[in-house]
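Chain letters run A, B, ... following the sequence lines, proteins first and then strands; every chain starts at 1.
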Protein chains: 2
Amino acid sequence: MSVTINDVANEAGVSKSTVSKVLNHWTTISPATVEKVHAAIEKLHYTPNSRAVNFAKGATSNIVYLTNLEKDTAYRNPHMFDIMCGVHHTLSENNYSLTLVNTSEEHYPGEKVSEVITSRSSDGLIIHGSAINKEIANLILDAGFPHIIIGHPSFESCLCWVDTNHALAGEYAAAHMIACGYTDVAFIGERKTDYISAQRQKGFMAGMLDRGFHIPAARIGNTDSSWQHTYSVTSDMLTQPVPPRAIVCENNTLALGVIQAVKDRQLSIPDDIAILTFDVYPYSSIIDPQLTIVDINVYDTGVQAGSMMIRKLQNPELLIQSYTTLPVIIQGESTRPLT
Amino acid sequence: MSVTINDVANEAGVSKSTVSKVLNHWTTISPATVEKVHAAIEKLHYTPNSRAVNFAKGATSNIVYLTNLEKDTAYRNPHMFDIMCGVHHTLSENNYSLTLVNTSEEHYPGEKVSEVITSRSSDGLIIHGSAINKEIANLILDAGFPHIIIGHPSFESCLCWVDTNHALAGEYAAAHMIACGYTDVAFIGERKTDYISAQRQKGFMAGMLDRGFHIPAARIGNTDSSWQHTYSVTSDMLTQPVPPRAIVCENNTLALGVIQAVKDRQLSIPDDIAILTFDVYPYSSIIDPQLTIVDINVYDTGVQAGSMMIRKLQNPELLIQSYTTLPVIIQGESTRPLT
DNA sequence: CTGAAAGCGCTTACAG
DNA sequence: CTGAAAGCGCTTACAG
């Protein structure tokens with residue numbers, strides 16, 4: 001039917017071993033032969049059958065992206081797909097393909113991972129943080145299967161992972177506020193037990209302190225993440241004898257409550273109260289006023305995870321546990337340099 | 001190294017042909033033999049090497065999802081990923097895997113499609129409407145490669161596609177308005193040349209007419225999609241001697257302009273003016289008031305596309321050109337039955 | 001109902 | 001620098 005390596009060998013007048021070596025860029029082939037083989041390939045429009053290549057080489061040039069995929073996941077968690085696009089970009093540059101595997105419909109934990117590992121249908125596994133658990137960790141570790149987890153697993157292990165440094169993003173927030181001239185800045189976060197919120201707060205406070213400004217406890221508000229609670233915590237802060245000059249909100253949802261509390265007090269943003277938040281959310285664009293945001297480039301996180309996977313594949317012994325963060329300030333109308 | 005079909009054959013005391021037949025559910029094997037083979041498989045924890053299976057069968061059990069993937073695609077076009085999740089769901093139920101291929105970084109149009117087709121790395125191609133063009137169409141058609149396009153291509157062809165019936169969604173909007181008791185309903189859409197807007201308008205008007213209500217031209221507003229224009233078109237409509245009782249907005253972005261125009265006139269939603277729009281957008285949830293929406297279940301569109309692909313694979317001659325739409329009314333606070 | 005044998009299209013030691 | 005041969009682990013006519 002379709003043209004095979006034998007047809008090319010015949011056309012070029014060489015053996016199929018030689019054609020294979022040309023295809024795989026062996027350096028021992030004479031330039032003249034390489035030339036002949038290429039001419040034959042062109043003439044016959046030959047493309048290697050990847051199924052045969054995979055089988056002979058014992059590898060697939062395919063990586064699995066393991067995550068939870070349900071109706072509406074795309075709306076609720078667009079970040080996960082942005083990460084995926086970054087992963088895809090790097091892998092595709094390195095001639096690897098990316099296959100999706102869904103853990104949300106498993107019959108038992110680890111079902112899909114065992115399938116991937118035992119069926120030898122891919123060379124490595126990139127796992128979104130939301131899909132990792134101990135069962136999966138053990139399967140991977142026992143099999144010695146190449147993997148990268150996106151997001152620090154919540155349990156101790158010698159898994160390979162990449163994660164975002166949220167404290168660093170908090171420092172960026174502090175740096176921006178100081179650069180604008182705001183020195184009395186409050187922080188509205190989630191519960192103290194929320195990992196990301198706590199990290200951002202820590203980084204923010206450290207960043208302020210490094211620049212000579214200590215943030216007192218009265219300037220820190222912890223909420224249960226609800227609109228109502230955020231509104232009331234913010235209102236309390238604004239009615240103190242000396243209200244803060246600026247507020248860092250730990251996320252966009254909190255920002256909605258904070259903005260309303262500020263507006264209801266007839267205060268102007270940013271002239272009376274400046275506001276900064278983290279992460280571009282799907283609805284960031286219609287928040288009024290347009291907020292200044294410390295955004296984490298999660299696409300880049302995906303790109304990094306892809307590179308790590310390529311390195312793992314070349315050097316399976318490699319233990320990777322790394323923080324990779326690219327924070328970006330997106331300047332909105334809710335902060336402005338004091339003149 | 002790992003356990004092969006030969007090991008299983010030895011363990012079970014049969015030939016590897018027999019093991020293969022059991023694996024492939026041939027009906028000619030005696031129950032006793034099937035039993036023995038299964039026992040051996042269990043004992044050895046055997047899983048077929050999918051690379052070998054693919055090669056021997058001349059198929060991959062893999063489908064490619066072709067689309068544009070860039071940084072921020074996930075935020076700008078979450079619908080595309082929701083469709084993808086639907087496709088993945090169906091394929092995975094049928095033991096097919098889904099591999100992502102990106103057309104946005106091609107060196108020349110059709111590059112990725114040729115690769116997919118000639119490398120025989122997948123059994124079929126599902127193409128998101130945004131990625132289809134004539135080059136790709138010709139490659140697919142010439143190769144006779146199994147494919148489903150999601151979205152009616154803009155050019156004439158005998159490609160297989162599935163698409164959404166937007167006129168039907170328009171009819172749903174009309175039905176909902178009438179059910180609430182609103183009979184004098186305006187429609188605010190995009191330019192007349194916008195396909196989706198025109199279809200929705202057509203369906204809406206037909207739906208109203210079917211129920212005995214003719215919508216006059218003065219109740220139709222076409223905009224250039226900008227906030228400003230939408231605001232002014234709406235304002236004009238509201239200042240007519242008899243303003244409409246309800247407004248159907250062709251999308252959420254238009255709805256933002258419409259809502260502002262209504263509010264600025266001190267009119268109450270839905271008591272003075274009821275509002276309905278189409279599609280759940282990422283920021284639908286924070287629009288105030290929460291809008292009543294005719295949503296298209298695009299996950300279901302993906303599910304349907306997946307089924308179509310499975311049918312195509314079983315019957316390659318099948319020509320599929322079908323509208324598959326599952327509109328859903330999401331009741332918000334912007335419409336309410338008149339009592 | 002079962003098995004021996006050929007074949008799927010490559011890669012890779014190995015010999016020359 | 002090149003080629004003959006074995007091998008990768010299955011499937012599938014075909015014969016019995």
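- No more than 12 heavy-atom neighbours from other residues, nucleotides or ligands sit within 6.0 angstrom of CD on B/E35.
- Side chain to side chain, A/T18 and A/S15 meet the donor-acceptor criterion of an N or O pair below 3.5 Å.
- A side-chain N or O of B/T99 and one of A/T99 form a donor-acceptor pair less than 3.5 Å apart.
- Listed by first residue number, the stems of DNA chain D with at least three Watson-Crick or G-U pairs below 3.5 Å are C:1-3 with D:14-16, C:5-12 with D:5-12, C:14-16 with D:1-3.
- C/dT12 atom P lies 13 Å from atom CD1 of A/I29, rounded to whole Å.
- Rounding to whole angstrom units, CG of residue B/N24 and P of D/dT12 are separated by 6 Å.
- Sequence neighbours left out, the pairs with a member in residues 120-161 of chain A that pass ring-ring contact (aromatic ring centres under 6.0 Å, His included) are A/H152-A/W161, A/W161-A/Y323.
- Annotation: proximity of residues 35-58 of chain A to DNA chain D (heavy atom, distance under 4.0 Å) is found for A/F55, A/A56, numbered in ascending order.
- The CD1 atom of B/I5 sits 12 Å away from the C1' atom of D/dT12 (whole-angstrom rounding).
- In terms of position on DNA chain D, the residue among A/R120 and A/V34 whose nearest nucleotide sits closer to the 5' end is A/V34.
- Residue pairs meeting the ring-ring contact (aromatic ring centres under 6.0 Å, His included) criterion with at least one member in residues 32-55 of chain A, sequence neighbours excluded, are A/F55-B/F55.
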Side-chain donor-acceptor pairs under 3.5 Å in residues 3-13 of chain A, sequence neighbours left out?
from, atom 1, to, atom 2, distance (Å)
A/T4, OG1, A/N6, N, 3.2
A/D7, OD2, A/T4, N, 2.8
A/E11, OE2, A/K43, NZ, 2.9

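- When rounded to the nearest whole Å, the span between CG of B/L23 and P of D/dG9 equals 15 Å.
- Of the residues in residues 13-22 of chain A, those placing a heavy atom less than 4.0 Å from an atom of DNA chain C are A/K16, A/S17, A/S20, A/K21, in numerical order.
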